[in-house]
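Below, chains carry the letters A, B, ... as their sequence lines are ordered, and counting in each starts from 1. Model, not experiment: these values are computed from the prediction.
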Protein chains: 2
Amino acid sequence: MSQASDRVYTALRAGILDGRYGFGDRLGEIEVAADLGTSRTPVREALRRLGSEGLVEVLPNRGARVRTWTAQDLEETYELRAVLEGLGARRAAGQVTAEVVDELAALAAEMVTVDPSLGHRPPGDFADLAALNARFHAVIVGAAGSDRLAATLAGLVQLPLVMRTYHRYTPAALARSHAHHHEIVDALRAGDGAWAESVMRSHVLAARAVLLASHRDGATGTAATDPEGQAS
Amino acid sequence: MSQASDRVYTALRAGILDGRYGFGDRLGEIEVAADLGTSRTPVREALRRLGSEGLVEVLPNRGARVRTWTAQDLEETYELRAVLEGLGARRAAGQVTAEVVDELAALAAEMVTVDPSLGHRPPGDFADLAALNARFHAVIVGAAGSDRLAATLAGLVQLPLVMRTYHRYTPAALARSHAHHHEIVDALRAGDGAWAESVMRSHVLAARAVLLASHRDGATGTAATDPEGQAS
DNA sequence: GCGACCTAGATTGCATGCAATCCAGCCCGC
DNA sequence: GCGGGCTGGATTGCATGCAATCTAGGTCGC
C-alpha cells in the first residue's frame with residue numbers, strides 16, 4: 001500500500017466511485033500523474049488495472065476514459081451478480097458457522113435501525129445503510145469459501161457503486177430488501193442451500209428492477225456529489 | 001497486435017498454456033524481456049495482465065511466477081463455469097437464430113468425427129477435438145449476447161487450457177460429452193432455456209469430475225509437451 | 001463553400017537509468 | 001555447532017527521455 005501504483009489505483013477508483021470523475025471523462029496519464037504527485041508509470045499500471053475491472057476503458061494509443069454504463073450493462077451485470085451471489089449463498093449455507101450467522105443477523109437488524117425511510121436517519125442519508133449492506137454481502141461471499149468466486153464477484157460489484165443505488169429505492173422496496181436479508185439469515189441458519197440461493201437471487205434481481213426502472217425515468221446515473229449509497 | 005505489450009502477453013500466455021513455462025516457474029522481467037527482444041516495460045504490463053486473469057501470481061517486489069493449481073482451484077473454477085455457462089446457454093436459447101443452431105449442430109457432429117477414441121484420429125491426438133469444442137462453447141457464449149458474461153468467462157477458461165483435459169477422458173466420458181453437445185443443440189433449437197441451462201451445467205460438472213478424479217490419481221497436471229487438448 | 005490533405009501539437013508507448021527492496025550467503029558471537 | 005545479524009548481488013518499482021501514433025486545425029484544391 002505504500003506502493004505508488006496502489007495509491008494511484010485507490011485514488012482513481014475512489015475518484016470514479018464518488019463522482020469526482022464523471023462518466024466519459026478523459027484520464028490523461030500526465031494529468032493524473034501531476035494531480036497525484038507521481039510519474040506516469042504507476043498511473044499507467046493503475047489505469048490498466050481499472051480497465052481490466054471494467055471501471056475505465058482504455059483505447060490503444062488514445063488513453064483512458066471513465067466507462068459509461070448503458071441499461072444493458074446494468075442488466076447484464078446484475079444478472080451475473082444474481083447467479084454468482086446465489087451460488088455464494090448456496091455454498092455458504094453448507095458450511096457457515098453459528099457465529100457468522102449471528103453476525104449476519106446482527107447486520108440485518110442494524111440495517112433496519114439506520115434506514116432513513118424509517119425515520120432513523122435524516123432523509124437521504126444512506127451512508128450507514130450502504131456500508132452495512134456491503135458488509136452483509138461480503139460476509140456471505142466470504143463464508144462461501146471460494147477465492148475464485150470472491151475474485152470474480154469483485155470485478156462485478158464495481159458498477160453499482162457509482163450508481164448511488166439506495167437513493168432510488170422506494171420505502172416499499174427498502175422494506176422488501178430488509179425482509180430479504182432476514183430471510184437469507186434464516187435460510188443460512190437452517191443450512192438450506194437451495195433456499196438461501198433462491199432468496200439471494202431474488203434479492204439481487206429486485207435490486208436490478210429498481211435500477212432499471214429508475215434508469216428508464218431519465219436518471220442517467222451520473223454519480224453526483226454523494227459518495228455512498230449503493231445497495232443490494 | 002503490433003503493440004509490443006500485446007506480443008509479450010500473447011507469447012507468455014502461449015508459453016504457459018503449452019507448458020514451456022511449468023507451474024511455479026519464475027518469470028523474471030529481465031529474462032523474459034531478453035527472450036522476446038523487448039524492454040522490461042511491456043513485459044511488466046503483460047505480467048500484470050496475466051496476473052489479473054489468474055494465470056500468474058505477482059508478488060510485490062518479488063516478481064511473477066506461473067500459478068500452481070490445487071484441487072480446490074479446479075473445483076471452484078469449474079463450479080463457476082458450470083453456473084456461468086449454464087446462464088449463457090439459457091440466455092442463448094431465448095434468442096439464438098436457426099443459422100447459429102445449425103452451426104452448433106455441425107460442430108457437434110464434426111467433433112464425433114475427429115474423436116481419437118472412435119478411431120478417427122491417432123490415439124492421443126485431441127487437437128482438432130479441442131479446437132472444435134472451444135469453438136462450440138464460444139459460439140454459445142456469443143449467442144448469449146452478454147459482453148459482461150463473455151468477459152467474466154474469459155477470465156475463467158484460462159485454467160482448463162493448461163490441464164490438457166481431454167487426455168484424461170475415458171472413451172465413455174468422451175461419448176457422454178458428445179451426447180451433451182447434441183442435447184444442448186436440441187435444447188437450443190427448441191428454444192428451451194431451462195433445458196439448455198441444465199444440460200450445460202451437467203456438461204461442465206461432468207468435466208469437473210473427470211479432472212478431479214484424474215487429479216486424485218496423482219496427475220499433478222503439469223502441462224507437458226502437448227500444446228492442445230483442453231475440454232469443455 | 002465544401003472536402004481532402006497536410007502539418008503541428010499533444011499523448012501514448014517503449015526504453016533505460018536510478019533508487020528501494022528483497023534474498024542468499026557469510027561472518028560473528030554465543 | 002548453531003543462530004542472529006549483516007552485507008553484496010540481484011530484482012523489482014519508479015522516473016524520465018525519446019520515438020510512434022493520434023487528434024485538431026488550417027490550407028489548398030475543386
Rounded distance (Å) that lies between atom [atom2] of [N] and atom [atom1] of [X]:
X	N	atom1	atom2	result
A:R7	D:dA15	CZ	P	8 Å
A:L47	D:dC14	CG	P	14 Å
A:L27	C:dA10	CG	P	20 Å
A:Q3	C:dA19	CD	P	18 Å
B:I30	C:dA15	CD1	P	14 Å

[X] side chain N/O closer than 4.0 Å to the phosphate oxygens (OP1, OP2) of [N]?
X	N	answer
B:R44	C:dT16	no
B:R40	C:dC14	no
B:S39	C:dA15	yes
A:T38	D:dA15	yes
B:R48	D:dG13	yes

Where the side chain of A:E29 is defined as all heavy atoms beyond and including C-beta, which of C:dT12, D:dG13, C:dC14 is the nearest nucleotide?
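Of the options given, the side chain of A:E29 lies nearest C:dT12.
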Considering only heavy side-chain atoms of B:A4, the closest of C:dT11, D:dC14, C:dC14 is C:dC14
Does the side chain of B:H181 reach to within under 4.5 Å of the side chain of B:H137, using non-hydrogen atoms?
yes
Do B:V56 and B:Y21 have side chains that approach each other closer than 4.5 Å (heavy atoms only, starting at C-beta)?
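Result no, sub-4.5 Å side-chain heavy-atom pair not found.
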Any donor-acceptor pair under 3.5 Å from B:S177 side chain to B:A173 backbone:
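No: the side chain of B:S177 does not pair with the backbone of B:A173.
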A:D147 backbone acceptor or donor facing B:E76 side chain under 3.5 Å
yes
Which residue lies more 5' along DNA chain D, comparing A:P60 with A:E45 via nearest heavy atoms
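With A:P60 and A:E45 compared, the 5'-side residue is A:E45.
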Tell me which of A:N61 and A:T41 sits closer to the 5' end of DNA chain D, going by the nucleotide each one is nearest to.
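Going by which nucleotide is closer to the 5' end, it is A:T41.
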Classify the side chain of A:R62 versus the base of C:dG13 as yes if they form a donor-acceptor pair under 3.5 Å and no if they do not.
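No.
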Any idea which heavy atoms bring A:A130 and A:Y166 closest together, and the distance?
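Shortest heavy-atom contact: CA-CE1, 3.7 Å.
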